[in-house]
There are 2 protein chains.
Amino acid sequence: MTLAGTSRPSAPRQLAAGVGNSNDQTRRHNLSTILTMLHHGGAQTRAQLTRRSGLNRSTIGALVTELADLGLAYETEPHDSGLVGRPSPIVHANEKVVAITVNPDVDAITIGVVGLGAELHKRIRFETASVPTVREAVNVVTAVVAGMQSELEAQFRVVGVGIAIPGLVNSNDGTVLLAPHLGWHDESVAGPMGDALGYPARAANDAGLATVAESLFGSGRGVSDLVYLNGSASGIGGGVLVGGSMLRGAEGFAGELGHTLVNSAGIRCHCGKVGCLETEVNLGRLLAVLGRDSLELDELDALLVPTDPAVTATPADQLTPDVRAEVDRQLDVLALAIGNFISVFNPESFVLGGFLGSLFAVNPERLRAAVKSVSFGTLGDSVRIDRAQLRSRLLTIGAAELAFAELLADPAGTSF
Amino acid sequence: MTLAGTSRPSAPRQLAAGVGNSNDQTRRHNLSTILTMLHHGGAQTRAQLTRRSGLNRSTIGALVTELADLGLAYETEPHDSGLVGRPSPIVHANEKVVAITVNPDVDAITIGVVGLGAELHKRIRFETASVPTVREAVNVVTAVVAGMQSELEAQFRVVGVGIAIPGLVNSNDGTVLLAPHLGWHDESVAGPMGDALGYPARAANDAGLATVAESLFGSGRGVSDLVYLNGSASGIGGGVLVGGSMLRGAEGFAGELGHTLVNSAGIRCHCGKVGCLETEVNLGRLLAVLGRDSLELDELDALLVPTDPAVTATPADQLTPDVRAEVDRQLDVLALAIGNFISVFNPESFVLGGFLGSLFAVNPERLRAAVKSVSFGTLGDSVRIDRAQLRSRLLTIGAAELAFAELLADPAGTSF
DNA sequence: TCCCTTTGTTGACCTTTGAAACATATACCG
DNA sequence: CGGTATATGTTTCAAAGGTCAACAAAGGGA
């Protein structure tokens with residue numbers, strides 16, 4: 001029914017299937033499988049799909065035809081592969097099938113249009129005078145989408161809306177339990193947004209979506225067990241990929257990695273605990289030693305990170321001792337947290353985003369060495385640590401994934 | 001293909017299916033589903049299987065017949081249910097289909113015979129003069145099994161061997177990376193054991209197996225997101241159930257929950273880190289204030305835990321102030337760790353085993369209150385905390401699950 | 001140009017499930 | 001006590017999916 005089988009260890013891992021019916025269910029699962037392969041793995045030949053799925057040539061032919069009929073995929077002329085044998089046509093996920101993404105922040109709301117294959121068609125950043133309320137966010141998005149309506153109708157097929165929220169979200173019903181920086185508290189977001197736009201909408205925590213995005217299209221490609229840690233002005237968020245799927249927890253609040261203990265003698269965190277990672281590894285403290293009020297990430301990189309890629313660590317003389325000391329302190333604390341996560345998750349790799357990425361880039365070797373020294377036994381030796389790749393596209397692509405989820409699970413389902 | 005479907009939310013969650021072929025694969029999956037339901041959910045009527053699986057009456061009939069033909073299930077006369085309609089026969093997993101379980105410890109090796117449905121047929125505790133080596137363990141088990149051979153052949157069908165190891169195990173190949181208390185280091189265990197016994201053998205970490213056992217047959221029944229913490233003389237082990245399946249990690253070493261930070265000013269742990277949970281919450285410290293060298297768990301309970309079940313906390317005058325203070329300190333530290341795990345996993349419940357269970361039973365309300373006060377926001381309010389139920393059967397049943405895994409995944413596969 | 005390799009296409013075949021009709025066994029009710 | 005309603009097992013048959021084998025197509029290599 002799926003791709004991955006005991007007899008075919010190289011095939012990608014797939015999601016669980018649904019209920020009884022063989023006919024319907026089998027086909028649904030295989031359609032889902034193929035479309036997901038195209039979306040996450042990019043365009044590929046029918047022959048590749050055949051090999052990777054473990055399904056029969058004939059079946060792949062039928063499935064691709066059905067996906068094409070559904071308008072979800074299309075085929076193009078074969079490449080000049082140079083190999084013997086009949087050339088195999090290239091199958092593409094239809095990038096005109098799009099998700100609308102919404103990313104509310106304290107000073108702006110970013111709206112995106114993302115196609116299958118993570119194709120970023122369009123992005124609009126709408127600056128707000130003040131921190132938006134839910135109602136304001138809905139209004140802004142409705143207005144922006146209304147402005148694009150004719151273009152959307154003419155060129156695209158919208159399958160849904162994905163909303164990335166910087167806070168605690170119950171992703172089952174799209175309710176925000178608490179988004180401290182937005183001041184949102186116990187509010188339904190996905191419901192009103194979906195009603196206003198006329199498309200099904202889903203909301204989830206931004207760090208979790210970022211994890212998904214990096215794991216599918218960024219530094220974590222091909223990795224099924226990874227921990228993503230993102231540092232922003234508002235704190236440290238994270239997400240955990242376990243066996244290829246997001247760690248959600250009973251209520252969908254798992255992965256609050258910024259709120260784990262790193263210093264018993266630390267200060268009290270806004271979350272109520274003491275010595276949380278996000279109180280110790282903190283952009284504010286970094287800015288303080290840099291003598292700055294605020295900073296864009298690119299500026300931070302320019303200030304801290306060695307420009308010569310051959311140089312792994314910034315020469316000490318480029319940074320003042322204060323800055324150097326603070327960076328090192330934060331790296332060491334971060335290592336402590338990573339050491340904890342290694343004991344707990346034994347992941348294949350860590351991906352660091354936001355200012356954690358900059359911090360890491362200042363001196364990757366210090367962090368790697370520190371992680372080794374504070375890890376359970378030798379577990380820290382084999383773990384990979386990378387900087388996030390997607391940067392500004394991260395949340396937009398992550399949110400799109402949320403909107404695509406239903407389509408990918410059942411491509412022939414309720415017609416979009 | 002499975003049980004759980006969007007249209008049938010109450011159906012149990014199932015594992016992912018295998019590769020392409022519909023015919024073979026569909027049947028395999030459904031057989032697996034039904035046998036798993038019988039094994040984990042106990043004997044039930046065909047009508048119940050029909051409802052819970054979402055499959056058709058006819059299909060269930062065929063599947064049950066096939067399982068019966070395979071010798072994995074049998075039917076008995078219907079109960080006098082008192083309901084209208086034709087009575088439905090009761091289907092049982094065949095408890096004569098057994099796993100041999102092995103649980104090596106510092107002073108003894110426990111060997112068990114466990115049938116489907118977690119039926120404990122037999123258990124033998126073989127005391128060893130000294131800490132056994134792998135070779136000695138294999139010899140002991142071989143001898144014990146040889147002694148039971150005629151009985152096994154006459155009454156049972158052995159499908160495999162499950163070995164629970166107190167240490168780091170690569171459960172893919174059954175190799176022990178490190179079992180400090182046994183002094184085992186980088187040794188293959190499942191291989192030699194399986195060869196000696198002539199059955200397929202698998203090995204895994206004991207705490208992980210305990211987690212599985214409690215989640216299926218103990219305090220965690222029906223819970224798909226739980227954290228299990230076990231305290232023994234050798235430290236604190238744990239396991240995490242995520243969405244119904246064990247958190248394994250990239251190399252199978254996830255869940256070393258005893259080695260997460262709880263006190264930055266703590267002592268160095270044997271694992272190389274500082275301030276680990278298992279150095280702070282520790283049976284040795286408890287024994288020290290009790291003035292004892294060693295203690296069986298039952299004795300500990302008798303000393304600490306209120307006998308009257310209506311009393312939630314031991315009256316202060318039953319414990320000396322020293323003991324009381326140490327118990328409270330350990331409970332508070334444990335709460336800190338649980339608070340961390342809540343941030344990370346957002347589980348539905350925690351299950352506490354070993355001396356952690358006793359500690360909890362001394363004063364459940366103190367732990368619950370402390371957890372609330374050190375949890376991320378209100379996440380600590382809804383989490384359930386229970387004491388483990390399976391006690392002495394825990395590891396035997398957990399290890400059996402390991403041996404049953406292959407059979408459950410493909411009941412009609414390679415004939416056992 | 002001919003052969004080989006690989007892949008798409010087509011139709012026959014096998015397997016599985018589900019649905020319907022029928023059979024069976026119990027409770028309920030007068 | 002017998003008829004009716006209800007629920008479930010059983011049997012038969014149709015629908016649907018996938019595989020397989022044979023054939024066709026398209027390119028490389030000699």
Side-chain angles (χ1 to χ4, degrees), chain A residues 1-3 5 7-8 17-34 44-68 73 75-91 410-412, chain B residues 1-3 5 7-8 17-34 44-68 73 75-91 410-412:
Chain A
M1 226 97 289
T2 28
L3 306 160
S7 60
R8 200 166 274 277
V19 77
N21 184 343
S22 165
N23 306 339
D24 202 22
Q25 200 60 31
T26 303
R27 188 49 163 264
R28 180 184 311 185
H29 195 241
N30 285 341
L31 278 176
S32 163
T33 289
I34 300 302
Q44 46 203 302
T45 66
R46 273 163 69 162
Q48 285 175 312
L49 289 173
T50 302
R51 275 191 296 274
R52 291 174 188 168
S53 70
L55 295 169
N56 192 282
R57 287 215 292 275
S58 337
T59 309
I60 293 295
L63 292 169
V64 168
T65 303
E66 182 162 351
L67 286 177
E75 291 182 289
T76 56
E77 289 300 301
H79 273 143
D80 212 17
S81 69
L83 298 170
V84 293
R86 177 173 176 175
S88 190
I90 298 169
V91 190
D410 184 11
Chain B
M1 224 98 296
T2 27
L3 304 161
S7 60
R8 202 164 273 276
V19 78
N21 184 341
S22 164
N23 306 338
D24 201 23
Q25 200 61 30
T26 303
R27 187 49 163 265
R28 179 184 312 185
H29 195 242
N30 285 341
L31 278 175
S32 164
T33 289
I34 301 302
Q44 47 202 302
T45 67
R46 274 163 68 164
Q48 285 175 312
L49 289 173
T50 302
R51 274 191 297 272
R52 291 175 187 166
S53 70
L55 295 168
N56 191 282
R57 286 213 296 271
S58 342
T59 309
I60 293 295
L63 292 170
V64 168
T65 303
E66 181 162 353
L67 286 176
E75 291 182 289
T76 55
E77 289 300 302
H79 272 143
D80 212 16
S81 68
L83 298 171
V84 292
R86 177 173 177 174
S88 190
I90 298 168
V91 190
D410 184 10

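Just so we're on the same page: letters track the sequence lines, and every chain starts at 1.
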Expressed as a whole number of angstroms, how long is the span from [X]:[atom1] to [N]:[atom2]?
X     : N      : atom1 : atom2 : answer
B/E75 : D/dG9  : CD    : P     : 8 Å
A/N56 : C/dT10 : CG    : C1'   : 12 Å
B/I90 : C/dA25 : CD1   : C1'   : 15 Å
A/L63 : D/dT19 : CG    : C1'   : 13 Å
A/R57 : D/dC20 : CZ    : P     : 11 Å
A/I34 : D/dG17 : CD1   : P     : 15 Å
B/L31 : C/dT17 : CG    : P     : 8 Å
B/D80 : C/dA25 : CG    : P     : 15 Å

>> Could you report the tightest heavy-atom contact between B/T65 and B/G61, atom names first, then the distance?
In response: OG1-O, 2.7 Å
> Shortest non-hydrogen contact from A/P78 to A/P87?
Replying inline: CB-CB, 3.4 Å
>> Quick check on C/dG8: is either OP1 or OP2 less than 4.0 Å from any side-chain nitrogen or oxygen of A/S88?
In response: yes
>> With a 4.0 Å limit, can you tell me whether B/N30 has a side-chain N or O closer than that to the phosphate oxygens OP1/OP2 of C/dT16?
In response: no
So do the side chains of [X] and [Y] get within less than 4.5 Å of each other, counting heavy atoms only?
X     : Y     : result
A/I34 : A/S53 : yes
B/I90 : B/E77 : no
B/L55 : B/L63 : yes

From [options], pick the nucleotide closest to the side chain of [X]?
X     : options                : answer
A/S58 : C/dA27, C/dG18, D/dA21 : D/dA21
A/R46 : C/dG8, C/dA19, C/dT26  : C/dG8
A/T59 : C/dT16, D/dT19, D/dA22 : D/dT19

>> Let me spell it out: for each of A/P87 and B/Q48, pick the nucleotide of DNA chain D with the closest heavy atom. Which residue's pick is nearer the 5' end?
In response: B/Q48
> Where each residue is assigned the nucleotide of DNA chain D containing its nearest heavy atom, which of A/A62 and A/G85 is assigned the position nearer the 5′ end?
Replying inline: A/A62
> Which part of the nucleic acid, if any, lies within contact of A/I60, taking any heavy atom under 4.0 Å across all strands shown: a base, the sugar-phosphate backbone alone, or nothing?
Replying inline: nothing
> What does A/P89 touch in the nucleic acid at a heavy-atom separation under 4.0 angstrom: a base, only the sugar-phosphate, or nothing?
Replying inline: sugar-phosphate
Can you find a donor-acceptor N/O pair under 3.5 angstrom joining the side chain of [X] to the base of [N]?
X     : N      : result
A/R86 : D/dG27 : no
A/T26 : D/dA16 : no
A/R27 : D/dG17 : no

